[in-house]
Amino acid sequence: MKVGIDLVLISEFQARLKEEGALEKIFLDSEREHTKSAESLAGLFAAKEAFFKAVGKKGDWLEVWAEKDQWGKPTLKSADFDGEIQLSISHSGDYAVAVVAIN
């Protein structure tokens, strides 16, 4: 099992998103449609970063995406990874954090 974690300062993340095309480079249309708040987007960003840390290499942001299961829990999918991906996201106050464990 490999684990990755990432912590995001939401205000810095919001400033980064003001760059032209930043949202489109990081998130698929489906992610942007279902995730409206800056806190939730920061959590998804942290999840993607945590995934890259767990697999040990940086990939294309759009090759990893979040979906929600039947109970609304976010899950990660990847075009380049066949294993099981476990995800936990939380945000409170100024920060969002995500932990990814892969088999």
Side-chain angles (χ1 to χ4, degrees):
M1 177 180 285
K2 296 181 180 180
V3 177
I5 186 170
D6 194 61
L7 178 69
V8 174
L9 181 59
I10 296 170
S11 60
E12 286 182 8
F13 175 74
Q14 286 177 301
R16 182 177 178 183
L17 291 182
K18 291 179 182 178
E19 297 172 17
E20 186 175 338
L23 271 173
E24 293 78 12
K25 290 177 186 173
I26 300 170
F27 302 107
L28 296 173
D29 290 342
S30 60
E31 292 174 303
R32 293 191 314 269
E33 289 170 9
H34 293 96
T35 311
K36 301 298 182 186
S37 72
E39 294 85 3
S40 293
L41 284 172
L44 291 182
F45 177 81
K48 291 183 181 202
E49 280 282 356
F51 173 80
F52 294 139
K53 290 175 181 177
V55 296
K57 65 178 182 173
K58 189 71 165 195
D60 182 337
W61 291 106
L62 302 178
E63 297 285 325
V64 179
W65 64 93
E67 296 179 356
K68 292 191 178 177
D69 68 13
Q70 62 195 29
W71 299 280
K73 181 183 183 295
T75 61
L76 276 185
K77 305 289 183 183
S78 172
D80 295 329
F81 184 77
D82 290 336
E84 182 182 355
I85 304 170
Q86 296 292 321
L87 170 64
S88 182
I89 300 174
S90 185
H91 47 79
S92 180
D94 296 335
Y95 295 93
V97 64
V99 177
V100 169
I102 58 173
N103 290 323

Asker: Measure across Ala96 and Ala46 and return the closest heavy-atom pair with its distance rounded to 0.1 Å.
Answerer: O-CB, 4.4 Å
Asker: Are Leu17 and Leu44 in one and the same hydrophobic cluster, where Ile, Leu, Val, Met, Phe, Trp and Tyr link if side-chain heavy atoms are under 4.5 Å apart?
Answerer: yes
Asker: Give me the atom names and distance for the closest heavy-atom approach of Ala98 to Gly43.
Answerer: CB-O, 4.0 Å
Asker: Is Val8 linked to Ile5 within one hydrophobic cluster, defined over Ile, Leu, Val, Met, Phe, Trp and Tyr using a side-chain heavy-atom separation of less than 4.5 Å?
Answerer: no
Asker: In terms of hydrophobic clustering (I, L, V, M, F, W, Y; side-chain heavy atoms under 4.5 Å; direct or indirect links), are Leu7 and Val3 co-clustered?
Answerer: yes
Asker: May I have the step-by-step check of side chain to side chain contact (heavy atoms under 4.5 Å, CB included) for Ile85 and Thr75, ending in yes or no?
Answerer: CA-CA 8 Å; Ile85 304 170; Thr75 61; over 6 Å; no
Asker: Got a second to check how far Asp29's CG is from Glu24's CD, nearest 0.5 Å?
Answerer: 8.0 Å
Asker: Can you tell me how far CD1 of Ile102 sits from CE of Met1, rounded to the nearest 0.5 angstrom?
Answerer: 9.5 Å
Asker: Do the side chains of Leu9 and Val97 join up, straight or via other hydrophobic residues, at under 4.5 Å, putting them in one cluster?
Answerer: yes
Asker: Taking all non-hydrogen atoms of both residues, which atom of Pro74 and which atom of Ile89 are closest, and how far apart?
Answerer: CG-CD1, 4.1 Å
Asker: Do any pairs count as a side chain to side chain donor-acceptor pair (under 3.5 Å) and have a residue in residues 39-62, sequence neighbours left out, and if so which ones?
Answerer: Asp6-Lys53, Glu31-Lys48, Ser37-Ser40, Glu49-Lys58
Asker: Drop me the distance from His34's NE2 to Phe27's CZ, to the nearest 0.5 angstrom.
Answerer: 14.5 Å
Asker: Does the side chain of Ile10 reach to within under 4.5 Å of the side chain of Tyr95, using non-hydrogen atoms?
Answerer: no
Asker: Report the C-alpha distance between Leu41 and Ile26 in whole Å, list the side-chain angles of each, state the deciding distance to 0.1 Å, and finish with yes or no for side chain to side chain contact (heavy atoms under 4.5 Å, CB included).
Answerer: CA-CA 10 Å; Leu41 284 172; Ile26 300 170; over 6 Å; no
Asker: Quick one: which residue pairs count as a salt bridge (Lys or Arg N to Asp or Glu O under 4.0 Å) with a foot in residues 75-102, not counting sequence neighbours?
Answerer: none
Asker: Answer yes or no: are there more than 12 heavy-atom neighbours, outside Phe81 itself, under 6.0 Å from its atom CZ?
Answerer: yes
Asker: Which atom pairs, one a donor and one an acceptor, fall under 3.5 Å between side chains of residues 66-73 and the rest of the protein, sequence neighbours left out?
Answerer:
unit_1, atom_1, unit_2, atom_2, d
Glu67, OE2, Trp65, NE1, 2.9
Asp69, OD1, Trp71, N, 2.9
Asp69, OD1, Gly72, N, 3.1
Asp69, OD1, Lys73, N, 2.9
Lys73, NZ, Leu87, O, 3.0

